[in-house]
Each structure stands twice: as structure tokens, then as C-alpha cells.
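Hydrogens, waters and symmetry mates are skipped; everything else that's a heavy atom, side chains included, is used.
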4 protein chains.
Amino acid sequence: MNEPKIKRDPEGTRRRILSAAAEEFANGGLSGARVDQIARRALTNERMLYYYFGSKEQLFTAVLEQAFACLADAERQLDLDGLEPVDAITRLAHFIWNYYFEHQDLLRLLNNENLHEARYIKNSSRINEMMSPVTSMLSRILRRGAEAGVFRNDVDPLRFYVTLSALGYYVLSNRYTLAAILGRDFTEPEERAEVLRLSTDMVLCYLRTKAS
Amino acid sequence: MNEPKIKRDPEGTRRRILSAAAEEFANGGLSGARVDQIARRALTNERMLYYYFGSKEQLFTAVLEQAFACLADAERQLDLDGLEPVDAITRLAHFIWNYYFEHQDLLRLLNNENLHEARYIKNSSRINEMMSPVTSMLSRILRRGAEAGVFRNDVDPLRFYVTLSALGYYVLSNRYTLAAILGRDFTEPEERAEVLRLSTDMVLCYLRTKAS
Amino acid sequence: MNEPKIKRDPEGTRRRILSAAAEEFANGGLSGARVDQIARRALTNERMLYYYFGSKEQLFTAVLEQAFACLADAERQLDLDGLEPVDAITRLAHFIWNYYFEHQDLLRLLNNENLHEARYIKNSSRINEMMSPVTSMLSRILRRGAEAGVFRNDVDPLRFYVTLSALGYYVLSNRYTLAAILGRDFTEPEERAEVLRLSTDMVLCYLRTKAS
Amino acid sequence: MNEPKIKRDPEGTRRRILSAAAEEFANGGLSGARVDQIARRALTNERMLYYYFGSKEQLFTAVLEQAFACLADAERQLDLDGLEPVDAITRLAHFIWNYYFEHQDLLRLLNNENLHEARYIKNSSRINEMMSPVTSMLSRILRRGAEAGVFRNDVDPLRFYVTLSALGYYVLSNRYTLAAILGRDFTEPEERAEVLRLSTDMVLCYLRTKAS
DNA sequence: TATGAATGAGCATTCATTCAT
DNA sequence: GATGAATGAATGCTCATTCAT
């Protein structure tokens, strides 16, 4: 009656359910999210959710798949191969740092998923097929840097990648408990800039050092 | 009947409930944990849970309080003031790294708590009262290092502390999604040792560099 | 299985819940009534009760609203304006007397509601909107009687209305304790007739007396 | 610790439980009252309630018994035999009117008990033994009045007694719903005085009228 | 494709009551 | 006589899901 009813828009209905579910699962996780809330937010009814996705769990998986697909897309649009190694690393560090900040839903979904021991990612063939494009990119940068003599040559790309991701992820994911316990909000603009600088300084300092 | 019934053991009952709750809340979080499961695991009945803790949420808070109290205790037992600055930092890095590894329940509780935006920590006067003892310790180490000329002198202790914590926390918290996506398990013993080495190398490398 | 299942009858389901609730709330009141009993009696399940009414308390309010709506309907169907004043008063006295007798659920609901200090009536906008139609009717009768010289002219209509209601309500509401303590059942047919006669004699006797 | 603990006062404990129970049962009735509330209000623990009274229902019965015993006591202290019949009736009407007003707990208990169909009064031998002293008193007054020629001689004492009680009980018991529906509070001092006057005028007017 | 109606299992919580000291 | 600890059976309510149209 007073609610805007969308009629006969299968594509749109599916999309609205997916984005509504992303928000609800981000807050609350799998068990905390409510199907009626998702339906209401998607301007449809609960039945359609089952019609399109089969079950709450399958919907959760679909949300994860979409979030990962977005990340992979963004990574693919990064073109670091034309940059100097130092600039490439700096650029990559900034990209990762910003991506999580701008997609905190993904961060929350990842946290939830890890609390489930990645059960739903493992069951998704789509996610398993998409290998992170950024790792091979990183390998190339590190190799180029080593060949140019600006980087040490004993760096494992995967290990280095988690190092690049860790600080940004950690201060964002733990912002609330850190604020409660340390009394500082690491997501305020100035503070963010300082931590990012610390992070890039640290990794570059390490890369430039000769292996012992 | 066939279960061992413990009778008249208030201390023990309370303790059993608390530790059962810690496990159940670690898996599943606040909404995922089931009070009947907690009661069963504690070898008591649901009623006692309310008798001792009032509500599921208050029990959750009590679990958080205990986990934080344990961490604070462990931090207090660290005596770094007698060590050389470099050794002290190394020791601290190892401590943090190992503590989360050996107390993954705390890590999961923290993740859950951050998904709740730290609502339950904020409501706990006990937790708010216990300021992390490690930060003042870290300040002293950094100052000593700077005075001895081995460390740069522009390092913010809190910012440095989250840097120390971040990598260990990240690879542990995200082990499942990292394994699914990057195909490597960062919690295997050898891998852990390598990542820890990378981490300490990186921070020490940074500390030794003169400020730009 | 062996119970008659009614399917796809929203009107009927709602109605059956309401009438089942009326009975259960009449016995036992708000706290004494059980939602599973109401559901069983309504040949449906507990969930539908919440589907249609939201909560036990809202269902209680809906039951009160319906009972009051019935009373107001019955009052509206009384046409006393064409009768002689004495006949009109007699007729009204009989109506009130009989209505409570034939709707003892309403009486019990009213008793319960007064034990709650009318909390649920106050929260019902529907009930607050329907002013008792009978009071204005009574005003007109009393005025006509006074103008015709058969009634005294100092009678307050509302005060007189509660006098008319009181005796019938009291002997019915307190029938059980009166029977236990005085040893007489005031709801037996002969006794009822006598008390009704006493009541009408009394009020008419009073109305006919000149004001002192 | 911070609560005043009463120790070794069996008489007092019993009394405090009884009066606490009276209040809790008056609000909420049998099913609405909570044993822990009663215990807390009585400054003792739940166990003592069972020690002294056996069960919640037996406690309810004991409360009823005490309330009735108080009423019977008060009635016995009325000495109407020395008064003129008209004064005696007036005095009795005022007594009843005031007693319920000053003992609204009794009124609420009676309402609750009638909602239970007087189950608990019936099971109390004590209450069944105490016949209301006021009825025989009333018989004597009516006889004297009739013999003196001031009262009609066809009045049934019991029927007349309920008439005397009804109005006072009704406006008090139904004060909240009457206020909500008629918009007038019949328990305000001035209004009470007027209704009492209406009531006594009415019964005296009736008594003075010759039988038809 | 879309939707209101229906369901049973499960949820956190509360209850009166009893046990053991 | 007095008390803290313990219990099992409800209680109101919510959940994800399916039915019928």
C-alpha cells in the first residue's frame, strides 16, 4: 500500500536482495542477519529470497562471491608493471590500505567467514577459481626491484603480500577494541595517514636492506 | 544419570560456566552461541547460567573481562626493562605473536566484539579500568633505544604497538580465507617462523633507520 | 493428523484466534492465559498469533477492543427515546443487567483490566474513540422525566449510570465469594429476578422522590 | 551485606511474608505474583516462604484468610444495635463504603478470587467457619425498623446487604475502566461523597417506601 | 514472477520448587 | 530457623522455511 512495490523486475529484485544481504550479513554475520530484514531492505518478500538463492546459506555464499569478484576486478585494474619498483610497491600498499577502508563490508564478511573457518568460501567453486591477480603482479615487481638492485632478493611474494595487508586490515578490523583499550581511534584521517606512512616506510626500509 | 553430576560447588560451577561460555562464544559469537550448549558443556543446567550471570549478554561480558584480565596478567609478567632495547623489542614481538597463537579464543572474541563495535567492552567498567600495561613498557624501551642511539627517535609508541600486533593477528585471524584464496597456510610451524622473522626484521630495520 | 486443519483462511484464522483469546484471557487474565492454549483452541499454531497480532499484549488489547465494540453496538441498538421515562429507565436497567449476564467474558476482562489499572484500554486509540453511547441517551431520559414532573431534577446522569450498573455487575462479579461467604447464589434465576426487581424499585423510588 | 538481615525472628518472618504476599497478590493476582518478589519484599528468602506456608497457593489462601479475618474483626466492632434504624443503616452504609476504600488490597484479592471462582476460599476451612457477623446485625436493624414503622417489612437482609455493598465496590473496583470510558474519576473526594450520598439516599428512600 | 499465509523447531529466559548445609 | 545452590518444566517469542494462490 504505502510501500513502493517493485513489480516484474527479476534482474533488479535479485540485485536488490544481494546488496541488502551484503549489508545485513556484514552487520550480524550469518547467524545474526535476519531473512525478513534482508527481504524488507530489498523491497521484496522473504519468499523471493528462496526463489533466487535457495537458502540463507546459499545467499551468504553468493554475497561472498560477489564481494570477492569486486576485489578481483579492482585488483585487475591496477597497472603496476609500468612503474618503478618503489613506486609500484607504494602504490600497491595504498591500494590495499584504501580498498578495505572503502569496503568495510568486505572486511566484516571476511571476519565472519574466518570465524566460520571459511566454510562458505570453500564450498564456492567460483571463488576457488579466481586466484588473486595481485600476487603474480607483486612477484613481478619484487623481481624487477631485485634485478634493478633496489630491493633485496630473498623476499617471498605471498609472505610479503600479507605483510602489506596486515596493518591496514588490523587497525580497521580492531578499531573498536583498540579505541576502547588504547584510547586512540586509528581510523581518523590524520591518524590513518600517519599509520599508512609508518607501514610503507617499514616495508620499503625492509626491501631496501640487503639480505643478512 | 550417566553424566557426572557435580553438586554443591558454587566456585566450580561458576568457573565451568565461564570456561564453557568462552569456548562457545569463541565459535559462533554472541548470537551463534546457544545457552543450552553452554550449560551442557559446563555440566550444569541453563538456570544456573542466569543464577550466576544474569543474562547471555552479561555472560558474554564476563567472558570478555576474563580474557582481558588474562592478557593483562601475562603482559605484566613480561620483564623487558632489564634487556637491551633490540632484545626487548624482539622479545615483545615474540610475546605478542605467541600470545594470540596460544589464545585463539581471545582472538575470536575480539573479532566478534569488533563486529559488535565493542559494545560489550564499553559497558564493562572492569575492562575500561585496566589499561594495557604493555604500552608504558614499550614507551620506555623506545626511549632507551633512542637514547642509546640504536633506535630512531620519532616513533609513536601506540602506533608502533599496533604494528607489532598487526601481522600476527592478521595471519591468524584470516588463516582460513588466506588459505582458501592464496593457497598457503600461515599457521604451519615453519611458515609461522618465517613470517615472525619477516615481521621482526621489518620493525627492527625500521627502528634502526634514522628519521628522514 | 486427527485434528481438523483449516488452511488458507486468513479471515477465519484471525477470528478464531481472537475468540479463543477472549475465552483464555477471560479465565486467567493476561498473565494466566497461555499462548499455546490460545493457539490450540484456535486450531492454529502459536506463530500465527504473532503474525496477526504482534504480541500477547497486543492480542489482549484487540480482545478488549472487540468486547467494547460489541457493547457499544448493543447500546446503539437500544431505542429508548420513544418510551415513557419510567419505562425507559426500566428497560435500560434490564438491558445492563442482562448484558453483563450474557457476556460474562466482558465482565471478567473488565475485572482483569482494572487489576492492571486499565493499562491496555488506555493504550487503545480505538477504545478511547468510542464514547459510551448510552450516557447521552440516559441524559435525555432523565431530562424528559424531570420535564414531565415524574423524576426529580437533580440527578447527575453519569453518577446515576454507575448506580444502574453497579448491582448487576457486583453480584455477578462476586458471585463466587458471595456464595462462599453468604451462602447464597445470586445468579440463580429466581434470585436474579428478585435482585433485579429490588434494584429497579430502588432507583425508580429514588427518581420519583422530590429533591430534598 | 548491605541489606538488613533479620535473624531468628520466626514470628516476624512469618508476618512479613504474609504482608508482603498480600501486596504482591493484590497486584498481579496468583499467577502474576512472583515468589522471589514476595521473599525480597519480606526481607527473607524464597525458601522460608515454603518453610512457613508450604506452597504459593497455600500462601495465597493464608493471605485471603487474614484479609477476611480483618474484615470480620472490623464488622464485629460495629455496634449498631443501640442506634435508631435509619442511623444504623446510614452508619452501616458508610462503614462498608469506607472499609473497601481503605482496604483496596482486599478488593483486589476478592476480584482475583472471583476470577478463580473462589477456589481458594472454598478450600479454606477457616474462612468457611467465619460467617459474616454483619448479616445478623442487619437483620436485627431491618426488623427493628419495620416494627417501628419506619421501614417497609418485605426486605430480604442478604439481598439488601449486597445492595449496600455493590455501589461502593463497583466504583472502586472499576475506577480505571470507568475513568477511561466515562471520563470521570469516581474516587476523587468530592465525587466519592456525592456517590455515597446518592447511594444512601436511594436505599433509605426504598426502605421508607411501603411495599407495593 | 510474486506474495500473504502457514508451520515446527528452537530461542533466551523465568517459574515455582527442592536440595544440602 | 535460615540460606545459597540447584533443577526441570514451562513461557513468550523468533527463526528459517514452505505452502497455496
Side-chain angles (χ1 to χ4, degrees), chain A residues 5-14 30-39 44-52 54-57 59, chain B residues 5-14 30-39 43-57 59, chain C residues 5-14 30-39 43-57 59, chain D residues 5-14 30-39 44-52 54-57 59:
Chain A
K5 291 278 171 65
I6 287 92
K7 300 212 165 188
R8 302 275 147 175
D9 179 14
E11 195 63 26
T13 301
R14 211 192 119 92
L30 176 58
S31 65
R34 303 295 164 219
V35 291
D36 66 332
Q37 273 290 328
I38 296 172
T44 181
N45 62 69
E46 304 175 39
R47 188 64 191 81
M48 295 319 288
L49 193 152
Y50 292 91
Y51 183 78
Y52 283 113
S55 74
K56 191 189 186 186
E57 301 205 347
L59 177 55
Chain B
K5 290 277 171 65
I6 289 95
K7 299 208 167 191
R8 294 276 138 179
D9 180 13
E11 281 292 314
T13 301
R14 214 193 116 93
L30 177 58
S31 66
R34 302 296 163 218
V35 291
D36 65 334
Q37 273 294 327
I38 295 173
L43 301 178
T44 181
N45 60 68
E46 302 176 38
R47 187 63 191 79
M48 295 317 286
L49 194 154
Y50 293 91
Y51 185 74
Y52 283 112
F53 297 95
S55 73
K56 193 189 185 185
E57 300 206 347
L59 178 55
Chain C
K5 290 277 171 65
I6 288 94
K7 299 209 167 190
R8 294 277 137 179
D9 179 13
E11 282 291 314
T13 301
R14 215 192 116 93
L30 176 59
S31 66
R34 302 296 164 217
V35 292
D36 65 335
Q37 272 293 328
I38 295 173
L43 302 177
T44 180
N45 61 67
E46 301 177 40
R47 188 61 192 81
M48 296 317 286
L49 194 154
Y50 294 92
Y51 185 74
Y52 283 112
F53 296 95
S55 73
K56 193 190 186 186
E57 300 206 348
L59 178 55
Chain D
K5 290 277 171 67
I6 287 92
K7 298 213 166 190
R8 301 275 146 175
D9 178 14
E11 194 65 25
T13 301
R14 211 192 117 92
L30 176 59
S31 64
R34 302 294 165 220
V35 292
D36 66 333
Q37 273 291 327
I38 295 172
T44 180
N45 62 68
E46 305 175 39
R47 189 62 191 81
M48 297 317 289
L49 193 154
Y50 291 91
Y51 184 78
Y52 282 114
S55 75
K56 192 190 187 187
E57 301 205 348
L59 177 56

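In terms of position on DNA chain E, the residue among C:Met48 and B:Tyr50 whose nearest nucleotide sits closer to the 5' end is C:Met48. In terms of position along DNA chain F, the nucleotide closest to C:Glu46 lies nearer the 5' end than the nucleotide closest to the other residue of the pair A:Glu46 and C:Glu46.
What separates NZ of A:Lys56 from C1' of F:dT14 is a distance of 11 Å, to the nearest Å. As a whole-Å value, the separation of C:Phe53 CZ from E:dA5 P is 12 Å. The interatomic distance linking B:Leu49 (CG) with F:dG8 (C1') rounds to 15 Å, in whole Å. For the pair A:Asp36 CG and F:dC13 C1', the computed distance is 13 Å after rounding to whole Å. Between the P atom of E:dC15 and the CD atom of D:Glu57 lies a distance of 16 Å, rounded to the nearest Å.
Taking every side-chain heavy atom of A:Tyr52 into account, E:dA2 is the closest of E:dA5, E:dA2, F:dT17. When the nucleotides F:dT7, E:dA6, E:dT13 are ranked by their closest atom to the side chain of B:Asn45, F:dT7 comes out on top.
When the side-chain nitrogen and oxygen atoms of D:Arg47 are compared with OP1 and OP2 of E:dT17, none of them lie within a distance under 4.0 Å. Of the side-chain N and O atoms in B:Tyr51, none sit less than 4.0 angstrom from OP1 or OP2 of F:dT7. Under 4.0 angstrom from either OP1 or OP2 of F:dA5 there lies no side-chain N or O belonging to B:Thr13. In this model, the phosphate group of F:dA2 is not approached by any side-chain N or O of D:Thr44 to a distance below 4.0 Å at OP1 or OP2. Residue D:Arg34 places no side-chain N or O under 4.0 Å from the OP1 or OP2 atom of E:dT14.
Partner assigned to E:dC19 is F:dG4, using Watson-Crick or G-U wobble distances below 3.5 angstrom.
Between C:Lys56 and C:Ser31, the closest heavy-atom pair is NZ-O, 3.9 Å.
Here A:Ala39 lies out of heavy-atom contact (under 4.0 Å) with every strand.
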Check your understanding: Can you list the steps and then say if A:Ile38 with A:Leu59 is a side chain to side chain contact (heavy atoms under 4.5 Å, CB included)?
Key -> CA-CA 11 Å; A:Ile38 296 172; A:Leu59 177 55; 4.3 Å; yes
